[in-house]
Asker: 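I'd like to ask you about the structure that follows.
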Amino acid sequence: MPTPFQEEVYKALSMVPKGCVTTYGAIAAYLGTQAVRAVGTAVGKNPYAPKVPCHRVVPVSGKIGNYSGEGGVTRKIALLKEEGVETVAGKIDDFEHVLYRYDS
DNA sequence: AGCGTGACGAACT
DNA sequence: TAGTTCGCCACGC
């Protein structure tokens, strides 16, 4: 039984369309929290397993960041690529182009 | 020097 | 004890 906070993260993450990615800061801002790290933890725990595409969450740096999964970051990149997000040198290509904004 | 980012750490139950 | 949650501090540019 996750906390409302987790649900907020899940909601924010689920509104990200396929082929797009979001950032910890964007989610934190959307939730109105100052703790972007809490978002990382919530997503890292990934209590919503397949429903929360945690691999769609990336740091604002445009890099893949971290990933707690099978092959780690490498796996994350592969998943992103499958989603339609192209990556170059371990970074997201056209990051701002695939970056989803809750401003829409 | 200041602001922003971060898949953590420490505290509570 | 262990598990879970939420926010501050440190490093980089």
Side-chain angles (χ1 to χ4, degrees):
Chain A
M1 168 123 196
T3 64
F5 181 82
Q6 307 255 130
E7 296 183 11
E8 296 282 311
V9 176
Y10 160 67
K11 180 165 51 181
L13 195 50
S14 68
M15 65 165 48
V16 178
K18 179 187 167 216
C20 291
V21 296
T22 188
T23 69
Y24 300 100
I27 295 174
Y30 178 74
L31 301 186
T33 182
Q34 299 291 104
V36 317
R37 309 189 63 187
V39 178
T41 305
V43 177
K45 301 290 179 39
N46 203 355
Y48 290 102
K51 291 136 83 164
V52 179
C54 57
H55 55 277
R56 281 192 200 157
V57 186
V58 291
V60 296
S61 320
K63 300 277 280 183
I64 305 302
N66 278 285
Y67 179 72
S68 306
E70 288 288 322
V73 183
T74 307
R75 181 64 190 226
K76 186 168 176 177
I77 295 173
L79 290 169
L80 254 19
K81 195 143 198 153
E82 287 294 315
E83 293 288 317
V85 180
E86 300 176 51
T87 53
V88 174
K91 295 189 286 252
I92 296 178
D93 189 23
D94 295 328
F95 176 58
E96 299 181 30
H97 185 49
V98 297
L99 177 60
Y100 179 80
R101 311 205 180 189
Y102 298 97
D103 209 40
S104 307

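Quick caveat: nothing in here was measured; it's all calculated off a predicted structure.
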Asker: Determine whether A/Val58 and A/Thr22 satisfy the following criterion, side-chain contact (heavy atoms from CB on, under 4.5 Å), listing intermediate values before the conclusion.
Answerer: CA-CA 6 Å; A/Val58 291; A/Thr22 188; over 6 Å; no

Asker: Among the candidates B/dG6, C/dG7, C/dT5, find the nucleotide nearest to the side-chain atoms of A/Ala38.
Answerer: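 In terms of side-chain proximity for A/Ala38, the closest of B/dG6, C/dG7, C/dT5 is C/dG7.
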
Asker: Of the nucleotides B/dT5, C/dG7, B/dA7, which has the atom closest to the A/Ala35 side chain?
Answerer: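 Taking heavy atoms from C-beta onward, the closest nucleotide is C/dG7.
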
Asker: In this structure, how many angstroms lie between the C1' atom of B/dG4 and the CZ atom of A/Arg37, rounded?
Answerer: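 So the CZ-C1' distance, A/Arg37 to B/dG4, works out to 13 Å.
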
Asker: Toward the 5' end of DNA chain C, which comes first, A/Gln34 or A/Gln6, by nearest nucleotide?
Answerer: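 Here A/Gln6 is the residue nearer the 5' end.
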
Asker: To the nearest Å, how far apart are A/Lys63 NZ and C/dC11 C1'?
Answerer: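 Roughly 17 Å, once rounded to whole Å.
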
Asker: With a non-hydrogen cut-off below 4.0 angstrom, is A/Lys76 in contact with a base, only sugar-phosphate, or nothing?
Answerer: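 A/Lys76: base contact, heavy atoms under 4.0 Å.
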
Asker: Are A/Arg56 and A/Glu83 ion-paired here, with the side-chain N under 4.0 Å from a carboxylate O?
Answerer: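 So A/Arg56 pairs with A/Glu83 through a salt bridge.
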
Asker: Tell me which nucleotide among C/dC6, C/dG7, B/dA7 gets nearest to the side chain of A/Val43.
Answerer: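 Of all the options, the side chain of A/Val43 is nearest to B/dA7.
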
Asker: Kindly indicate, with the supporting measurements, whether the criterion side-chain contact (heavy atoms from CB on, under 4.5 Å) is fulfilled by A/Asp93 and A/Thr87.
Answerer: CA-CA 5 Å; A/Asp93 189 23; A/Thr87 53; 6.0 Å; no

Asker: Figure out the OH/C1' separation between A/Tyr24 and B/dG6, and round it to whole Å.
Answerer: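 That distance rounds to 8 Å.
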
Asker: Rounded to whole angstrom units, what separation is found between the CG atom of A/Leu31 and the C1' atom of C/dT5?
Answerer: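 After rounding, the gap between these two atoms is 14 Å.
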
Asker: Using the C1' atom in both, what is the distance from C/dC13 to B/dA7, to the nearest Å?
Answerer: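 Each nucleotide's C1' atom is 22 Å from the other's.
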
Asker: For A/Phe95 and B/dT5, what is the distance between atoms CZ and C1' respectively, to the nearest whole Å?
Answerer: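 Roughly 12 Å, once rounded to whole Å.
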
Asker: Nearest whole Å is fine: how far is B/dA7 P from A/Leu13 CG?
Answerer: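 Rounded to whole Å, this separation is 15 Å.
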
Asker: Which nucleotide sits closest to the side chain of A/Val36: B/dG6, B/dA7, C/dG7?
Answerer: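 Closest of the options to the side chain of A/Val36: B/dG6.
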
Asker: OP1, OP2 of C/dC6 versus side-chain N and O of A/Thr3: anything below 4.0 Å?
Answerer: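 Checking A/Thr3 against C/dC6: at least one side-chain N or O falls below 4.0 Å of OP1 or OP2.
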
Asker: Report the C-alpha separation of A/Val60 and A/Tyr24 in whole Å, then their side-chain angles, then the decisive distance to 0.1 Å, and conclude whether the side-chain contact (heavy atoms from CB on, under 4.5 Å) test is met.
Answerer: CA-CA 7 Å; A/Val60 296; A/Tyr24 300 100; over 6 Å; no

Asker: Expressed in angstrom and rounded to an integer, what is the separation of A/Ile64 atom CD1 from B/dG6 atom C1'?
Answerer: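 It is 15 Å, rounded to the nearest whole Å.
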
Asker: Where do A/Val16 and A/Val21 land on the side-chain contact (heavy atoms from CB on, under 4.5 Å) test, with the steps shown first?
Answerer: CA-CA 7 Å; A/Val16 178; A/Val21 296; 5.7 Å; no

Asker: Mind calculating the distance between NE2 (A/His55) and C1' (B/dA7) to the nearest angstrom?
Answerer: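 Rounded to the whole Å, the gap is 15 Å.
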
